[in-house]
Engineer: 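Okay, here's the structure, questions in a sec.
All of these numbers come straight from a predicted model, not from anything done at the bench. The first residue in the sequence is number 1, and the count goes up from there.
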Amino acid sequence: MLPELIAAMEQEIPGFRIRFKERSRLQRLLGRLLQPLNPDYLRGYITVLGRTVWWPSQAALHADPQRSAATLLHERVHLWDWRDHPIWFPLSYALVWPAFRTQRAHWERRGYCVDLVILSRKGRTPEQLKAWMLTVFTSSAYGWMWTDRPAVEEWVDRVLAQGLSAELDGELLESTQRWVDRLLEPGA
């Protein structure tokens, strides 16, 4: 499914491409600059910049195609958001400071909604998913983008109850739901 998803994304997002952080001087520089806040930026995070998805390495992309497809569905949401909000989306990521809830949390909630739906359907418990999302949203790795722990937990409950429609709508909701269903088919 991963090659088909990549091909579909190339059609729906002109200029879409996947590149690898290990091969990029700029990404390695960003990794050094982010080291105090996010020591795993180069090895453990996939990043969207413009129409490019930066994967840690080609080996990491192909090591687990199903997991990579799930991650790419999350990043696909960010690509649509960047396309639809070409000024506000990147600007809100550049403005990182500890806050009650940053605009960045809005965008990340949209992407992580996909992860929550997939992992829930794979059997992760609400408690496991809440613990993970608390780490994501309230830690330095994402710039403390949403520090209201009870609100994060309530958001997870809402996503588990409403599915992708908790954050997505329209064509993005419909197409993402089709990909998620396909990803979770037996033998996918």
Side-chain angles (χ1 to χ4, degrees), residues 1-99 102-116 118-119 132-133 135-146 167-168 172 175-176 179-180 182-183 188:
M1 183 181 134
L2 181 61
E4 292 173 59
L5 177 58
I6 292 169
M9 289 174 66
E10 289 171 343
Q11 293 297 313
E12 68 188 19
I13 303 164
F16 163 74
R17 60 192 181 157
I18 295 176
R19 295 293 183 259
F20 305 103
K21 289 180 177 183
E22 69 180 5
R23 297 181 188 166
S24 166
R25 286 183 185 162
L26 175 60
Q27 288 296 321
R28 291 192 309 269
L29 174 63
L30 285 173
R32 285 193 295 279
L33 293 173
L34 292 171
Q35 183 72 26
L37 298 175
N38 186 346
D40 295 322
Y41 174 80
L42 287 175
R43 296 178 310 278
Y45 285 80
I46 289 81
T47 307
V48 168
L49 292 173
R51 293 182 177 119
T52 303
V53 175
W54 289 94
W55 223 271
S57 68
Q58 190 168 9
L61 174 66
H62 295 292
D64 184 344
Q66 187 178 36
R67 181 176 179 192
S68 292
T71 300
L72 196 53
L73 287 173
H74 169 129
E75 302 305 336
R76 180 176 170 264
V77 171
H78 293 326
L79 289 163
W80 278 56
D81 286 340
W82 195 311
R83 180 194 68 191
D84 295 346
H85 307 279
I87 295 171
W88 186 238
F89 182 86
L91 182 61
S92 65
Y93 273 77
L95 301 174
V96 176
W97 63 87
T102 65
Q103 182 62 30
R104 181 179 184 189
H106 165 77
W107 307 118
E108 287 299 335
R109 281 194 335 245
R110 291 170 54 78
Y112 276 106
C113 178
V114 175
D115 299 90
L116 289 172
I118 291 169
L119 291 173
W132 179 44
M133 288 297 96
T135 300
V136 168
F137 282 92
T138 65
S139 75
S140 65
Y142 278 87
W144 303 277
M145 67 181 158
W146 194 7
E167 291 293 337
L168 308 180
L172 180 59
S175 60
T176 303
W179 281 110
V180 166
R182 188 158 170 219
L183 178 69

Engineer: Please list all pairs passing the salt bridge (Lys or Arg N to Asp or Glu O under 4.0 Å) test where one or both residues lie in residues 6-28, with sequence neighbours left out.
Structural biologist: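 Listed once each, the pairs are E12-R76.
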Engineer: Are W54 and Y41 close enough that their ring centres sit under 6.0 Å apart?
Structural biologist: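 Here the rings of Y41 and W54 have centres that are no less than 6.0 Å from each other.
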Engineer: For F16 and I6, which heavy atoms make the closest approach, and how far apart are they?
Structural biologist: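 It is CE2-O, 3.9 Å.
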Engineer: At what distance, to the nearest 0.5 angstrom, does CG of L34 lie from CG of D40?
Structural biologist: 11.5 Å
Engineer: Measure across A70 and I118 and return the closest heavy-atom pair with its distance rounded to 0.1 Å.
Structural biologist: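 In this case the closest contact between A70 and I118 is CB-CD1, 3.8 Å.
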Engineer: Do you know which two heavy atoms are closest between V48 and W82, and how far apart they sit?
Structural biologist: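 Nearest heavy atoms, V48 then W82: O-CZ3, 3.6 Å.
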Engineer: Counting C-beta onward and ignoring hydrogens, is there a side-chain heavy-atom pair between Q58 and I18 closer than 4.5 Å?
Structural biologist: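 Not in contact.
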Engineer: Determine, for W107 and R104, whether the Lys NZ or Arg CZ falls below 6.0 Å from the six-membered ring centre while staying within 45 degrees of the axis.
Structural biologist: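 Geometry flag: not set, cation outside 6.0 Å or 45°.
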Engineer: Classify the angle between the aromatic ring planes of W146 and F137 as parallel (below 30°), tilted (30 to 60°) or perpendicular (above 60°).
Structural biologist: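 It falls in the perpendicular class, over 60°.
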Engineer: Report the C-alpha separation of L79 and M9 in whole Å, then their side-chain angles, then the decisive distance to 0.1 Å, and conclude whether the side-chain contact (heavy atoms from CB on, under 4.5 Å) test is met.
Structural biologist: CA-CA 9 Å; L79 289 163; M9 289 174 66; 3.4 Å; yes
Engineer: For L119 and W132, run side-chain contact (heavy atoms from CB on, under 4.5 Å): C-alpha distance rounded to whole Å, both residues' side-chain angles, the deciding distance at 0.1 Å, then the answer.
Structural biologist: CA-CA 11 Å; L119 291 173; W132 179 44; 3.5 Å; yes
Engineer: Hey, could you give me the CG/NE2 distance between L116 and H74, rounded to the nearest 0.5 Å?
Structural biologist: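 Atom-to-atom, L116:CG and H74:NE2 are 10.0 Å apart.
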Engineer: Can you see which heavy atom on A69 is nearest to which on L183, and at what distance?
Structural biologist: CB-CD1, 3.9 Å
Engineer: Can you sort out the partners of Q35 under side-chain contact (heavy atoms from CB on, under 4.5 Å), two or more places apart, ordered by chain and number?
Structural biologist: P39
Engineer: I'd like to know whether CD1 of I87 has more than 12 heavy-atom contacts from other residues, nucleotides or ligands below 6.0 angstrom.
Structural biologist: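 No.
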Engineer: Using only atom types and a distance under 3.5 Å, with no angle test, would you say the side chain of R51 pairs donor to acceptor with the backbone of P14?
Structural biologist: yes
Engineer: How long is the straight-line distance from CE of M1 back to CZ of R182, given to the nearest 0.5 Å?
Structural biologist: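 If we round to the nearest 0.5 Å, R182:CZ and M1:CE are 6.0 Å apart.
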Engineer: I'd like to know if the side chain of E167 reaches the main chain of G111, judged simply by a donor and an acceptor atom lying under 3.5 Å from each other, with no hydrogens or angles considered.
Structural biologist: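 Side chain of E167 to backbone of G111, a donor-acceptor pair under 3.5 Å: no, none is there.
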Engineer: If I take atom CG from residue L30 and atom CG from residue N38, how far apart are they, to the nearest 0.5 angstrom?
Structural biologist: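 The distance works out to 11.0 Å.
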Engineer: Before giving the answer on side-chain contact (heavy atoms from CB on, under 4.5 Å), spell out for L37 and W144 the whole-Å C-alpha distance, their side-chain angles and the decisive distance to 0.1 Å.
Structural biologist: CA-CA 10 Å; L37 298 175; W144 303 277; 3.7 Å; yes
Engineer: Can you label the angle between the H78 ring and the F89 ring as parallel, tilted or perpendicular, going by 30° and 60°?
Structural biologist: tilted
Engineer: Would a distance-only check, ignoring hydrogens and angles, find a side-chain to backbone donor-acceptor pair under 3.5 Å from S68 to L61?
Structural biologist: yes
Engineer: What's the spacing between Q103 CD and W88 CH2 if we round to 0.5 Å?
Structural biologist: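 Separation between the atoms: 5.5 Å.
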Engineer: In the structure I gave you, are the side-chain heavy atoms of E108 and V136 within less than 4.5 Å of one another anywhere?
Structural biologist: no
Engineer: What distance do T71 atom OG1 and Q66 atom CD have between them, rounded to the nearest 0.5 Å?
Structural biologist: 10.5 Å
Engineer: Can you see which heavy atom on T176 is nearest to which on L172, and at what distance?
Structural biologist: OG1-O, 2.7 Å
